[in-house]
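Working notes, structure below.
Numbers restart at 1 for each chain; the letters A, B, ... are given by sequence-line order, proteins then strands.
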Protein chains: 4
Amino acid sequence: MPHNTSHTPLTNEAAPKRSRRKEARPGELLEAALDLFVEKGFAATRVDDVAARAGVSKGTLFLYFPSKEELFKAVVRENIVGRFTEWNNALESFVGNTSEVLTYCYQVWWERIGATKASGITKLMFSEAQNFPEIAQFYQQEVILPCRALIRRILQRGMERGEFRQMDLEYGTYIVLAPMMFLMLWNNSMGPCSLPDEVFTPEQYIRTQIDNILHGLCVRPAAGATPPPSQNP
Amino acid sequence: MPHNTSHTPLTNEAAPKRSRRKEARPGELLEAALDLFVEKGFAATRVDDVAARAGVSKGTLFLYFPSKEELFKAVVRENIVGRFTEWNNALESFVGNTSEVLTYCYQVWWERIGATKASGITKLMFSEAQNFPEIAQFYQQEVILPCRALIRRILQRGMERGEFRQMDLEYGTYIVLAPMMFLMLWNNSMGPCSLPDEVFTPEQYIRTQIDNILHGLCVRPAAGATPPPSQNP
Amino acid sequence: MPHNTSHTPLTNEAAPKRSRRKEARPGELLEAALDLFVEKGFAATRVDDVAARAGVSKGTLFLYFPSKEELFKAVVRENIVGRFTEWNNALESFVGNTSEVLTYCYQVWWERIGATKASGITKLMFSEAQNFPEIAQFYQQEVILPCRALIRRILQRGMERGEFRQMDLEYGTYIVLAPMMFLMLWNNSMGPCSLPDEVFTPEQYIRTQIDNILHGLCVRPAAGATPPPSQNP
Amino acid sequence: MPHNTSHTPLTNEAAPKRSRRKEARPGELLEAALDLFVEKGFAATRVDDVAARAGVSKGTLFLYFPSKEELFKAVVRENIVGRFTEWNNALESFVGNTSEVLTYCYQVWWERIGATKASGITKLMFSEAQNFPEIAQFYQQEVILPCRALIRRILQRGMERGEFRQMDLEYGTYIVLAPMMFLMLWNNSMGPCSLPDEVFTPEQYIRTQIDNILHGLCVRPAAGATPPPSQNP
DNA sequence: TATGAATGAGAGTTCATTCAT
DNA sequence: GATGAATGAACTCTCATTCAT
C-alpha cells in the first residue's frame with residue numbers, strides 16, 4: 001500500500017472521487033449521451049458508457065434520468081429547444097435581396113447548427129424515428145415544421161418581390177431543406193467512414209448547393225422546364 | 001461461413017421459383033432482415049423476429065448466417081449489388097438533351113430503387129455506418145462512388161454540349177444526389193411518423209427538385225451567381 | 001483437462017447438460033420456487049437460486065415464466081388448486097357423530113396438506129399478502145372461504161344433531177381454523193429455529209387441540225360461560 | 001455499532017418527550033421500520049422509505065444503525081422487551097377463578113399487545129424467521145417461552161384448583177397461544193386484503209375463542225375425549 | 001449532527017448463439 | 001436440414017452503503 005494514499009495528492013492529477021456538482025451533472029450526461037447515441041444509435045449505446053464518458057458511475061446517471069429512454073428523450077429535447085429560434089431570430093432583421101437572405105440563411109444555419117454537435121440530433125432522429133414515434137413527431141413539430149415555415153417565408157418574399165419564379169411553396173421548402181439535411185446526416189454517419197483519399201469540404205458543398213438552388217444547372221432557364229422525352233424506352 | 005456456400009451466387013439473379021423451397025430460404029431471411037433492420041436498426045432487431053418473419057425457426061437462421069453481424073453484411077451486399085448496374089445500364093442508351101437525361105435518370109432511379117424496399121438500405125447504412133465502418137466503406141465504394149460517377153458523366157455531357165453551366169464536378173454531383181438521398185432517408189424514417197394532416201407525395205417532391213436542379217429559384221439566372229451581401233451583420 | 005470429458009461418461013453420474021424436457025420443467029421450477037419463497041420470502045429469493053435448485057439456467061426460467069412475479073403467482077395457483085377439493089371430498093362420505101367428523105377432518109387435513117409442502121403456501125401468503133393483494137384475495141376466495149364453509153357445515157351438523165352447543169357459526173369456524181393455520185405457519189417459520197432442547201410433535205399438538213376444541217378446559221362446562229370479574233384492576 | 005451508544009437504554013422506558021429532539025430520532029426510525037418491515041417484509045423494505053417515514057435523510061439512519069440488518073434486529077429487540085413483562089405483571093395480582101384469569105389474560109393481551117402495533121412484530125418474526133435464525137431464537141427465548149410459561153402457570157392453577165381437567169401442560173399452552181397468534185398474524189397480513197363484504201371483529205373473535213377454550217364445542221363434555229371412529233375409510 | 005450526491009455490487013431480464021433431437 | 005429448448009454473457013436498473021460537505 002503506497003504510503004501517501006491518504007495524503008493530499010502531490011500533483012492535482014487524481015481528481016476527487018466524489019465531487020458534488022448536482023447542477024453540472026445532467027448537462028454532462030446529456031452531452032455524453034448525445035455523442036454516443038449519434039455515434040452508435042440508441043440500442044447499441046450502453047448506459048455504462050454514457051456514464052463513463054460523463055465521468056460518473058452508472059448509478060449516478062439513474063439519479064438524474066429515470067431510464068435510458070427518458071435520457072434519450074431529454075437528449076432530443078435539450079438539443080432541439082432554442083437552437084431553432086436562435087437561427088430564426090438571426091434572420092429576422094436581415095435586409096437585402098432574397099438571394100442574399102437565402103445565402104445568409106445557409107451561413108447562419110451552418111455556423112449555429114450544421115457545424116455543431118446539434119446536427120447529430122438530426123441523424124439520431126432519422127435513425128430512431130420508428131422506435132420513438134412520439135419523439136419523431138415532437139421533432140417534426142418543433143424543428144421540421146418551423147424550419148419549413150421559415151424557408152417558406154423566404155421563398156414567398158422572393159416571389160413577391162419578383163426575384164423568384166412562381167412555385168409550389170409546400171414542396172419548394174424541400175429544395176432548401178434537403179441539402180442541409182443531407183449534409184448533417186452525411187457528416188454524422190458515412191462521412192467519417194469515407195475512403196482515405198476522399199476530400200469533402202462542407203463549405204464548398206454548401207456553396208455549390210446554394211448556387212444551384214438559386215440558378216440551377218441550365219445555362220438558359222427560359223424554354224419550358226421539362227421538355228418531353230424523345231423516343232426513349 | 002456456411003451461408004455463402006449454400007445459396008445461389010449473387011449474379012445468378014432470378015432463380016427459378018418452382019420446387020426448390022430450400023434454396024429460397026436465405027432470400028426470405030435477407031428480405032425479412034432488411035425490413036427489420038431498416039425499421040428498428042441493427043441492435044434493436046431481434047433475430048427471433050427476423051426468423052419469424054421469414055417463417056422459419058431461429059436455429060435455421062444460424063444455419064445460413066453464422067452470426068447476426070454476418071446477416072447484416074449479407075443484407076447490405078445483397079441489396080447493393082445489381083441494383084446500381086441495373087440503373088446504370090438504363091441510362092447508357094439514352095438519347096436526348098441532358099436535361100432530359102437527368103429527368104429520366106431520376107425517373108428510373110425512383111422506379112427501380114427509390115420507390116422500392118432497396119431504398120431502405122440507404123437508411124440502414126446511414127444509421128449503422130459508424131458501427132460497421134467496413135460495410136460503410138464497401139457501400140461507398142460500390143454505391144456512392146459509381147452513382148456519383150454516373151452523375152458526373154451526365155453533368156459533363158451537359159457542360160460539353162453547352163447545356164449546363166460550368167461547375168465543380170466533384171461537388172456538383174451532390175446537387176443531384178442529395179435530394180435523392182434525402183427522399184430515401186425521409187421515407188424510411190420520419191416520413192411514416194408524419195403528423196396526421198401532413199401530405200407528402202414523392203412524385204411531386206421529385207418533380208419540384210428536378211425542376212430546381214435544372215433552373216434554380218431565380219427568375220433571371222444571368223449575372224453573378226451569389227451577389228455580395230449589402231450591409232448586414 | 002481430464003481426457004474423458006468428451007467420451008460417454010463411464011458412470012451415469014454426470015447428467016446431460018442440455019436435456020430437453022419441456023413438460024417437466026415448469027413443475028420442477030414451481031417446486032423449487034415454492035421451497036425458496038417459503039423459506040426466504042419473495043423478495044429475498046433470487047431467480048438464479050430458483051433456477052439452480054431446479055437444475056436449469058436462469059434463462060430457462062424465463063422461458064416458462066415471464067417474470068419473477070408471474071412465477072410467484074403460478075406457485076400460489078399451482079399449490080392451491082386441487083388440494084382443497086381433495087380434502088373436501090375425503091370428508092363428504094364420512095359417517096359418524098360430528099366429533100368424529102371433526103377429528104377425521106383434522107386427520108385428513110394433516111395428511112394431505114398440513115404435513116406436506118403445500119402448507120408452506122400458507123406461510124407464503126401470510127408473509128406476502130400485503131405485497132400481492134390480488135393474490136391474497138384469490139387465496140381467500142379459493143382457500144379460506146371454502147375451508148370455512150366446510151367447517152361451517154360440520155359445525156351446523158353438530159348443532160342440528162344436538163351434539164354441539166349453539167354458537168355464532170361465522171366466528172365458530174375460526175375455532176377449528178386457527179389451530180390449523182398456526183401449526184402450518186409455525187412449522188414453516190419459527191419451528192425450524194426452535195431452541196435445541198425443544199421438542200414439538202405436530203401429532204400431539206393436533207391431538208391436544210382437537211380435544212380442547214371438543215371439550216374445552218373446564219371440568220364442568222355448565223355454569224355460565226364468562227362470569228363477571230370480581231374486584232380486579 | 002454506534003447506535004447502541006447514542007440512544008437511551010431499553011429499560012429506561014418513557015423518556016421525557018420534551019426538548020430533546022435528537023434523542024427521539026432512533027425511536028422514530030424504529031417505529032417507521034417496524035411499520036414497513038411488517039407491511040412489506042425485510043427485503044422489500046427500502047431504507048430510503050424508512051428514513052423518509054421517520055422524516056430524516058437516509059444518511060441519518062446509518063448514523064444510528066450501522067446496517068439494515070442491525071436496524072431489523074433493533075426493531076425486534078425494541079418491540080419485544082418490556083411488552084411482555086408489562087402483560088405478565090398485570091396478571092400476577094389477579095384474584096378470582098381461573099376461567100376469569102384466562103379471560104382477563106386475553107383482555108389485557110389484546111389491549112396492550114394484540115390491538116397495538118406491537119402485534120406486527122409477530123408477523124414480522126414469522127415472515128423472517130428463516131432469514132434471521134438468531135433473532136428467531138431470541139424471540140422464542142424472550143417472548144414465546146415466557147408467554148407459554150405464564151399460560152402454563154394459569155393452566156396449572158386451574159388444574160390444582162380442580163377447575164380445569166388434567167392435561168399435558170406442554171401442549172396445553174398452545175390451546176391458549178394459537179388463537180392469539182393467529183389473530184395477530186391475520187390482522188397484519190391477509191386481514192387488510194379481505195374481500196369487501198367481509199366483516200371481522202377481533203373482539204367477537206376473541207370472545208368466541210375464549211368461550212371455546214373454556215367449554216369446547218360439545219354439549220356434554222363427559223365421557224371419553226375422542227371416541228373411536230366407526231367403520232369409516 | 002445531518003445531509004444527499006455518489007457509488008457499485010447485485011438483481012431481474014433479454015437475446016444471440018448452441019446443440020440434442 | 002430443421003427445430004426450439006437451453007444457455008449465459010451482457011444489459012438495464014435498484015438500493016444499501018459511503019463520504020464530502
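Between the C1' atom of F:dA5 and the CD atom of C:Glu28 lies a distance of 13 Å, rounded to the nearest Å. The distance between atom CG of B:Leu63 and atom P of E:dC19, rounded to the nearest whole Å, is 14 Å. For the pair C:Glu70 CD and E:dT14 P, the computed distance is 12 Å after rounding to whole Å. In this structure, the CG atom of D:Leu29 is 14 Å from the C1' atom of E:dT3, given to the nearest Å. Summarising the geometry, the separation between NZ on D:Lys40 and C1' on F:dT14 is reported as 14 Å, rounded to the nearest angstrom. E:dT18 atom P lies 16 Å from atom CZ of B:Phe65, rounded to whole Å. Taking atom CG of D:Leu61 as the reference point, atom P of E:dG4 lies 14 Å away to the nearest angstrom. Spacing between atom CG of A:Asp49 and atom P of F:dA10 amounts to 13 Å, rounded to whole angstrom units.
When heavy atoms are screened at a 4.0 angstrom cut-off, A:Asp48 is found touching base atoms of the nucleic acid. Within the nucleic acid shown, D:Lys68 comes within 4.0 Å of sugar-phosphate atoms alone, with no base atom in reach, counting heavy atoms only. Among the protein residues, B:Val47 comes within range of the nucleic acid bases, having at least one heavy atom under 4.0 Å from a base atom.
Annotation for A:Ala43 and B:Ala43: closest pair CB-CB, 3.4 Å, computed over non-hydrogen atoms. A pairwise comparison of heavy atoms in C:Ala44 and D:Asn131 identifies CB-ND2, 4.2 Å as the closest pair. In this structure, D:Leu29 and D:Ala54 approach most closely via the heavy-atom pair CD2-CB, 3.6 Å.
Heavy-atom nearest nucleotides on DNA chain E were determined for C:Glu69 and for B:Glu69, and the one closer to the 5' end corresponds to C:Glu69. Of the two residues contacting DNA chain F, namely D:Lys58 and B:Thr60, the nearest-nucleotide position lying further toward the 5' end is that of B:Thr60. For the pair A:Thr45 and C:Ser57, nearest-nucleotide mapping onto DNA chain F gives the more 5' position to C:Ser57. Residue order along DNA chain E, read from the 5' end via each residue's closest nucleotide, puts A:Gly59 first among B:Gly59 and A:Gly59.
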Determine all donor-acceptor pairs shorter than 3.5 Å in which one atom belongs to a side chain in residues 33-40 of chain D; sequence neighbours excluded.
from    : atom 1 : to       : atom 2 : distance (Å)
D:Asp35 : OD1    : D:Lys117 : NZ     : 3.3
D:Asp35 : OD2    : D:Arg53  : NH1    : 3.1

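Minimum atom distance to the side chain of B:Phe62 is reached by E:dA16, of the listed F:dC11, E:dA16, F:dT3. In the set F:dA6, F:dT12, F:dT7, F:dA6 carries the atom at the smallest distance from any side-chain atom of C:Arg25.
In this structure E:dT21 sits in a base pair with F:dA2, meeting the Watson-Crick or G-U test at under 3.5 Å. In a base pair of the Watson-Crick type (N1 to N3 plus N6-O4 or O6-N4) or a G-U wobble (N1-O2 and O6-N3), with each distance short of 3.5 Å, E:dG10 is matched with F:dC13.
By the 6.0 Å and 45° rule, B:Lys68 stacks over the aromatic ring of B:Phe42.
Taking only side-chain nitrogens and oxygens, C:Tyr64 comes nearer than 4.0 Å to OP1 or OP2 of F:dA6.
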